[in-house]
Number of protein chains: 2
Amino acid sequence: MNIGEVAERSGVPSKTIRYYEEIGLVRPLRSGNGYRDFAAEELHRLAFLGRARSLGFSLEECRTLLSLYGDHERSSSDVKAITRSHLARIDRKVSELQALSRTLRDLVARCHGDDRPDCPIMEDLAHAGTRGCPASLTASCTD
Amino acid sequence: MNIGEVAERSGVPSKTIRYYEEIGLVRPLRSGNGYRDFAAEELHRLAFLGRARSLGFSLEECRTLLSLYGDHERSSSDVKAITRSHLARIDRKVSELQALSRTLRDLVARCHGDDRPDCPIMEDLAHAGTRGCPASLTASCTD
DNA sequence: GGTAGTGCTTCCAGTAGATGGAAGGTCAAC
DNA sequence: GTTGACCTTCCATCTACTGGAAGCACTACC
């Protein structure tokens with residue numbers, strides 16, 4: 001199977017497949033003409049990769065998951081551990097973004113949004129010293 | 001003011017300040033010895049940048065916000081529009097991550113996490129075709 | 001005057017995860 | 001034999017820095 005067909009069937013773009021080969025996530029054979037030649041197994045690995053990436057796993061996590069995928073002696077606890085730590089990372093990120101969202105929502109609500117220059121958003125950015133900005137700035141912002 | 005002091009007072013690392021100069025976000029003067037020489041205004045711009053970045057604005061958004069910062073004829077509606085679209089982007093991201101989180105949480109809940117190989121997480125990744133994986137894969141995954 | 005230590009300079013490389021494009025070889029059809 | 005789709009490699013680009021090497025500049029101390 002050539003790269004184009006594999007790309008279409010796995011949903012992973014050709015460019016990305018070449019990149020995955022470059023970093024050793026897939027190892028297709030080569031035909032006599034130099035074209036990559038993908039066996040069914042490589043197609044499955046690519047579909048696996050596509051799904052894992054769509055779930056937000058990093059490529060290094062994908063590498064580990066792929067090796068567990070091919071390991072019939074694997075323990076599901078290993079898979080679960082990786083997934084759990086990934087989940088924790090995502091939940092941390094959600095909390096961070098929700099905090100940002102609250103702050104921004106508040107600023108937007110307080111801004112008139114008219115043709116005058118006064119703007120609570122600008123004031124927040126300009127006088128960051130008193131809240132949320134790096135501690136080292138606080139002193140110099142009180143002037 | 002030398003870069004070290006500005007870094008400490010603005011909370012933006014020296015390395016980052018040099019980078020910001022390279023991409024034209026700040027333009028410090030130079031002393032006779034070749035050192036960067038920051039005026040109070042540049043310090044304020046850096047503090048502004050630090051706060052805007054901590055709110056998740058991209059550097060291009062920061063560039064626009066900085067130009068509005070220095071523009072006494074600005075309209076708060078421009079600032080508000082940028083902030084609103086940034087907020088919308090964050091809220092989209094939160095939704096995406098929450099969807100991921102739900103999926104991962106469900107998978108983790110269904111995985112025994114013992115020393116046997118059977119694992120619903122692996123099954124999801126391996127047979128992605130029926131749900132959530134790229135449409136092009138669906139056909140080839142039903143086998 | 002020499003030297004140690006800190007701070008400054010530039011330049012280059014690397015991070016994650018691709019993506020875009022140029023230059024060129026291959027293949028099937030007409 | 002030529003067009004056009006597909007494949008190849010290689011290099012550059014994106015975001016937003018960060019780390020490190022090599023080499024001046026400045027201050028303090030002996």
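Each chain gets a letter, A, B and so on, in the order the sequences are listed, and its residues count up from 1.
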*Asks:* Tell me, which pairs form a salt bridge (charged side-chain N to carboxylate O under 4.0 Å, His left out) where one or both residues lie in residues 92-103 of chain A, sequence neighbours left out?
*Replies:*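 Non-adjacent pairs meeting salt bridge (charged side-chain N to carboxylate O under 4.0 Å, His left out): A:Lys93-A:Glu96.
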
*Asks:* Under the ring pair (Phe, Tyr, Trp, His ring centres under 6.0 Å) rule, what pairs show up with a residue in residues 97-118 of chain A, not counting sequence neighbours?
*Replies:*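 Listed once each, the pairs would be none.
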
*Asks:* If we fit an axis to the first five pairs and another to the last five of the helix from C:dG1-D:dC30 to C:dC30-D:dG1, what angle do they make, to the nearest 10°?
*Replies:*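 Its terminal axes enclose an angle near 40°.
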
*Asks:* Distance check needed: C:dA16 P versus A:Tyr20 OH, whole Å only.
*Replies:*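 About 13 Å, once rounded to whole Å.
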
*Asks:* Under the ring pair (Phe, Tyr, Trp, His ring centres under 6.0 Å) rule, collect the residues that match up with B:Tyr19, sequence neighbours excluded.
*Replies:*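 Not a single residue meets the ring pair (Phe, Tyr, Trp, His ring centres under 6.0 Å) criterion with B:Tyr19.
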
*Asks:* With sequence neighbours left out, write down each residue that passes side-chain contact (heavy atoms from CB on, under 4.5 Å) with B:Arg74, or none if nothing qualifies.
*Replies:*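 A:Pro117, A:Met122, B:Leu68, B:Asp71, B:Val79.
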
*Asks:* So if I define the base as every atom that isn't primed, P, OP1 or OP2, how would nucleotides 4-13 of chain C read as a B/S/- string at a heavy-atom cutoff under 4.0 Å?
*Replies:* ---BSBBB--

*Asks:* Suppose we screen for side chain to side chain donor-acceptor pair (under 3.5 Å). Which residues come up paired with A:Asp106, at least two apart in sequence or across chains?
*Replies:*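 If we apply the side chain to side chain donor-acceptor pair (under 3.5 Å) test to A:Asp106, skipping adjacent residues, the hits are A:Arg110.
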
*Asks:* Give the minimum heavy-atom separation between B:Ala52 and B:Cys62, together with the two atoms involved.
*Replies:*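 The pair with the smallest heavy-atom distance is CB-SG, 3.7 Å.
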
*Asks:* Give B:Phe57 one of three labels, base, sugar-phosphate or nothing, depending on what nucleic acid heavy atoms sit under 4.0 Å from its own.
*Replies:*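 Contact class for B:Phe57: none.
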
*Asks:* For A:Phe57, what residues pass the ring pair (Phe, Tyr, Trp, His ring centres under 6.0 Å) criterion, not counting sequence neighbours?
*Replies:*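 Listed in chain order: A:His86.
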
*Asks:* Among residues at least two apart in sequence or on other chains, which ones pass ring pair (Phe, Tyr, Trp, His ring centres under 6.0 Å) with B:Tyr35?
*Replies:*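 Per chain and number, B:Tyr35 pairs via ring pair (Phe, Tyr, Trp, His ring centres under 6.0 Å) with no residue.
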
*Asks:* Scan for salt bridge (charged side-chain N to carboxylate O under 4.0 Å, His left out) pairs involving residues 37-47 of chain A, sequence neighbours excluded, and state none if there are none.
*Replies:*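 Residue pairs with at least one partner in residues 37-47 of chain A: there are none.
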
*Asks:* Please enumerate all residues that pass side-chain contact (heavy atoms from CB on, under 4.5 Å) together with A:Ser58, with sequence neighbours excluded.
*Replies:*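 Partners of A:Ser58 by the side-chain contact (heavy atoms from CB on, under 4.5 Å) criterion, ordered by chain and then number, come out as A:Glu60, A:Glu61.
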
*Asks:* How would you give the extent of chain A contacts on DNA chain D, as first and last nucleotide 5' to 3' within a 4.0 Å heavy-atom cut-off?
*Replies:*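 So the contact region on DNA chain D extends D:dC6 to D:dC10.
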
